[in-house]
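Sharing a structure, written as structure tokens. Questions coming.
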Amino acid sequence: MRTGPKQNESQKQSDSAGPAPESPHRFKFGPRHRILRRADFQLTYGEGRRAHGRFVAVFCRRRARDEPGGEFWRLGITATRKSGNAVRRNRQRRLVREYFRLNQHWLPGGCDFVVNTRSGLSTASLAELAKDLDRVMQRFGFRPPAGPNAESKTPAEIEAPSEGPDKGQKARKAQ
RNA sequence: AGAGUGGGCCGGGCGAUUGCCGGCGGGGCGGGCUUCGGCGCGCGCCCGCUGGAGGAAAGUCCGAGCACCACAGGGCACGAUGCUUCCUAACGGGAAGGCGGGGCGACCCGACGGAAAGUGCAACAGAAAAGAUACCGCCGAUGGCCCGCAAGGGCACAGGUAAGGUUGAAAUGGUGAGGUAAGAGCUCACCGGCGUCGUGGCGACACGGCGGCCUGGCAAACCCCAUCGGGUGCAAGGCCAAAUAGGGAACGAUGCGGCGGCCCGCCGCGCUAUAGUUCCGGGUAGGCUGCUCGAGCCGGAUGGCGACGUCCGGCCCAGAUGAAUGAUCGCCCCGGCGCCUCGGUUCACGCCGCAGCGCCGGACAAGACUCGGCUUACAGGCCCACUCUAUUU
RNA sequence: GCGCGUGUAGCACAACGGUUAGUGCUUCGGCCUUCCAAGCCGAAGAUACGGGUUCGAUUCCCGUCACGCGCU
């Protein structure tokens, strides 16, 4: 699992190795990675596959080639009124977003994810959520890059498992 | 020192790494115009600088601004408010004051107009629950009956009475004295209430004089009186507008002949009736705007008991839209618990104090057009004024 | 975001401001029956919370909380 501090260490390493501001392995998270239209949410709920974790329920849908959105994966988060007050819902959203931001390089492109939060998430830590979401992603066939020694992750290592999701996609299609 | 009252303020701090939204500048990319020098435009690409939640942002309970719709004027209905004066853009908010209630006190609380405009309600109990009656009682002076020669005595029939008793949340002013057959505001004194006059006060009211004893409660029951209120809300409203399907309009395709020097134009004939092209209008998805300079914030002076007003100077302080202000780590700060060391005290147990280490905890809660309030939630802490109790001097 | 409405036993509903808050189903116990069901008898169980008005509040008023509906 990749928790926050470990990511930080790897980031520090890459910084010390070289500035490389144009590197694709930074951890940005802009609007291209977000689902912004109600219709896209509805599509994902209707056509997507579903998997549940302790803190979340995730819907996943592979976009058709002619749809907009490009080669990026996209994320939409729904925190309903039932899962807490505004402060709790904000906390839930931010944690989920942080997970996707830190793990953006191995997640499969061309997919839409919708995450529904559950009330227990507002008191959970990022590490707990990461463990939970890793399990959920594996259920979709998306495997995070090799295990707990991720702290030695180099740009190459990060890039390598990015082929994994394709395999996962193929496996899912075969079903 | 302890207990308490009122008012004001804060709402963790610093750093590292990495992100998000807005603004400005630079670069890059894209296409446009060009007199090839440049000019201005867009970007969900990069870099730098800079700004980025609250005292309640909350509940949506009031009041406004702003926008659209409606509207001669007046009344009815409906709703809200309800001691007085003032503050304010306005308010159901605030300040000062009056009256009533609570507290030893500092202070706190109060929907606090009208019951003599009318209607209505009061279970059970009780004689009686609102124009009165008389259950137990008391009296029986007067009239009646009986006894007696008479004085007088008796009965309780007529009748008088409301002091005492009983019920109830509430019973037709209270206490005392006189008075009487017994009694009664029947009379008197004081208190309370009502009316009226005077004085003080802008006023709510207060104080005093006089009069007579005349009218119980509930209006958060209907109601009456006074004042206020048109409706809907930024998802208001304005602008641009793809695709698709309707609607409206025009053009062109073109030719031949004639008039004519030629063009335009006109006339006649021929061709296409459906498609095409273009434009217009409504308008969906979507986008832009409204959207942040405002009854604004800070400081000073000044008027006012105060709420607040006036003047001067300075400042620009979120504008997101499936919705940003985050995540992780380190150090510090505050509180609690435990361990241990040292010090004080004790014969000792123990108690107290400081430092260190470890663990746990640090609230309530986040803009959605903008303000003024109210209400509700809230760990911990700071400051000012005052009250009571105890002790010391 | 805005505008409305409702809270009564486990469930569905009643109750002019006035006895000990009723009715049906449910649950439990008993009777009946060979046993079960039905029937009969009995019992348990509630006014969302906090204030106020009133002699007295499920009812009237105010404030919280929860739930539901509508607009988009």
Side-chain angles (χ1 to χ4, degrees), chain A residues 1-48 50 53 55-61 63-64 66-107 109-134 137 144-145 148-155 157-158:
Chain A
M1 66 180 178
R2 294 139 321 288
T3 57
K6 289 166 187 170
Q7 288 289 356
N8 286 343
E9 289 174 23
S10 68
Q11 190 58 37
K12 281 177 190 169
Q13 282 185 0
S14 69
D15 278 357
S16 63
E22 304 300 326
S23 163
H25 299 293
R26 301 175 64 252
F27 296 89
K28 308 215 63 151
F29 189 84
R32 69 172 75 160
H33 280 299
R34 295 206 296 267
I35 299 179
L36 296 171
R37 285 154 34 86
R38 180 175 167 75
D40 292 332
F41 276 85
Q42 300 291 354
L43 274 175
T44 309
Y45 282 131
E47 300 178 6
R50 184 190 318 186
F55 302 121
V56 291
V58 182
F59 295 77
C60 173
R61 170 179 164 271
R63 287 196 304 277
D66 54 346
E67 284 183 59
E71 75 273 27
F72 302 103
W73 52 265
R74 298 191 305 179
L75 170 66
I77 307 171
T78 299
T80 64
R81 208 167 185 76
K82 224 193 281 183
S83 61
N85 60 27
V87 174
R88 289 165 175 272
R89 295 200 302 273
N90 276 342
R91 164 86 182 166
Q92 293 167 9
R93 257 197 294 271
R94 286 160 177 169
L95 282 176
V96 170
R97 217 175 48 198
E98 188 70 2
Y99 173 88
F100 276 82
R101 187 177 77 83
L102 292 173
N103 297 284
Q104 59 185 277
H105 296 305
W106 63 267
L107 287 168
C111 281
D112 281 352
F113 295 95
V114 171
V115 178
N116 288 9
T117 63
R118 309 171 88 170
S119 59
L121 179 56
S122 47
T123 55
S125 70
L126 182 58
E128 290 175 289
L129 172 67
K131 202 171 161 188
D132 195 41
L133 266 174
D134 279 347
M137 285 306 173
N149 54 353
E151 50 229 325
S152 63
K153 191 163 53 178
T154 62
E157 266 190 51
I158 294 174

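Just so we're on the same page: letters track the sequence lines, and every chain starts at 1. Only a predicted model underlies this, so the values are computations on that prediction, with no experimental measurement involved.
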- Mind telling me whether B:rG55 is syn or anti, cutoff 90° either side of 0?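 Base orientation: syn.
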
- Does B:rG159 fall in syn (glycosidic angle within 90° of 0) or anti?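 The base of B:rG159 is oriented anti (glycosidic angle more than 90° from 0).
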
- Task: Mind telling me if B:rG246 is syn or anti? Syn here is a glycosidic angle within 90° of 0.
- Result: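 Here B:rG246 takes the syn form, which means its glycosidic angle is within 90° of 0.
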
- Is there a Watson-Crick or G-U wobble partner for B:rU196 with both distances under 3.5 Å, and which nucleotide is it?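 Partner of B:rU196: B:rG209.
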
- For B:rU18, does OP1 or OP2 lie under 4.0 Å from any side-chain N or O of A:Lys28?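 The answer is no; no side-chain N or O of A:Lys28 sits under 4.0 Å from OP1 or OP2.
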
- Task: With the side chain counted from C-beta on, respond yes when A:Phe29 and A:Glu98 share a heavy-atom pair under 4.5 Å apart, and no when they do not.
- Result: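 Side-chain contact under 4.5 Å: no.
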
- Map A:Arg101 and A:Ala124 onto RNA chain B by nearest heavy atom, then report which one ends up closer to the 5' terminus.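 Checking each residue's closest nucleotide, the 5'-ward one belongs to A:Arg101.
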
- For A:Gln104 and B:rC20, give me the distance from atom CD to atom C1', rounded to whole Å.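 Atom-to-atom, A:Gln104 to B:rC20, this comes out as 13 Å.
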
- Query: Under 3.5 Å, side chain of A:Arg91 to main-chain N/O of A:Ala124, donor-acceptor pair present?
  - Reply: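 Confirmed, A:Arg91 side chain pairs with A:Ala124 backbone.
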
Would you list the protein and nucleotides 321-323 of chain B atom pairs, both N or O, that sit under 3.5 Å from each other?
residue : atom : partner : partner atom : Å
B:rG322 : O2'  : A:Ile35 : O            : 2.4
B:rG322 : O6   : A:Arg38 : NH1          : 2.9
B:rG322 : N2   : A:Thr78 : OG1          : 2.4
B:rA323 : OP1  : A:Arg34 : NE           : 3.0

- Message: Parallel, tilted or perpendicular, judged at 30° and 60°: which one describes the rings of A:Trp73 and A:Phe113?
- Response: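 The rings of A:Trp73 and A:Phe113 stand perpendicular, inter-plane angle above 60°.
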
- Message: Checking one value: the base orientation of B:rA53, syn if chi is within 90 degrees of 0, otherwise anti.
- Response: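 You should classify B:rA53 as syn.
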
- Query: Nearest heavy-atom pair of A:Gln92 and A:Thr117: which atoms, and what distance?
  - Reply: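 Residues A:Gln92 and A:Thr117, closest heavy atoms: OE1-OG1, 2.7 Å.
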
- Query: Looking at side-chain heavy atoms only, is the closest gap between A:His105 and A:Phe27 below 4.5 Å?
  - Reply: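 Yes - at least one pair of side-chain heavy atoms lies under 4.5 Å apart.
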
- Query: Using a distance-only test with no angle check, is there a side-chain donor-acceptor pair under 3.5 angstrom linking A:Asn116 and A:Tyr45?
  - Reply: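 Checked: A:Asn116/A:Tyr45 side chains pair up, N/O donor to acceptor below 3.5 Å.
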
- Item | Interatomic distance at C1', B:rG93 relative to B:rU88, whole Å |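 It comes out at 10 Å once rounded to the nearest Å.
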
- Item | Shortest non-hydrogen contact between A:Arg32 and A:Arg74, atoms and distance |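 Closest heavy-atom pair between A:Arg32 and A:Arg74: O-CG, 3.7 Å.
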
- Message: I'd like to know if the side chain of A:Asp112 reaches the main chain of A:Thr44, judged simply by a donor and an acceptor atom lying under 3.5 Å from each other, with no hydrogens or angles considered.
- Response: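 Not at all, since once roles are kept as given, no pair shorter than 3.5 Å links the two residues.
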
- Item | Nearest-angstrom distance, P atom, C:rA66 to B:rG59 |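 Each nucleotide's P atom is 11 Å from the other's.
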
- Task: Name the orientation of the base relative to the sugar in B:rC317: syn if the glycosidic angle is within 90° of 0, else anti.
- Result: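 Nucleotide B:rC317 adopts syn.
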
- Indicate yes or no: does A:Lys131 engage A:Glu128 in a salt bridge with an N to O separation below 4.0 Å.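 No, A:Lys131 and A:Glu128 are not salt-bridged.
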
Check: protein-nucleotides 363-367 of chain B nitrogen or oxygen pairs below 3.5 Å:
residue : atom : partner : partner atom : Å
B:rA366 : OP2  : A:Ala86 : N            : 3.3
B:rA366 : OP2  : A:Val87 : N            : 3.4
B:rA366 : N7   : A:Asn90 : ND2          : 2.6
B:rA366 : N6   : A:Arg94 : NH1          : 2.6

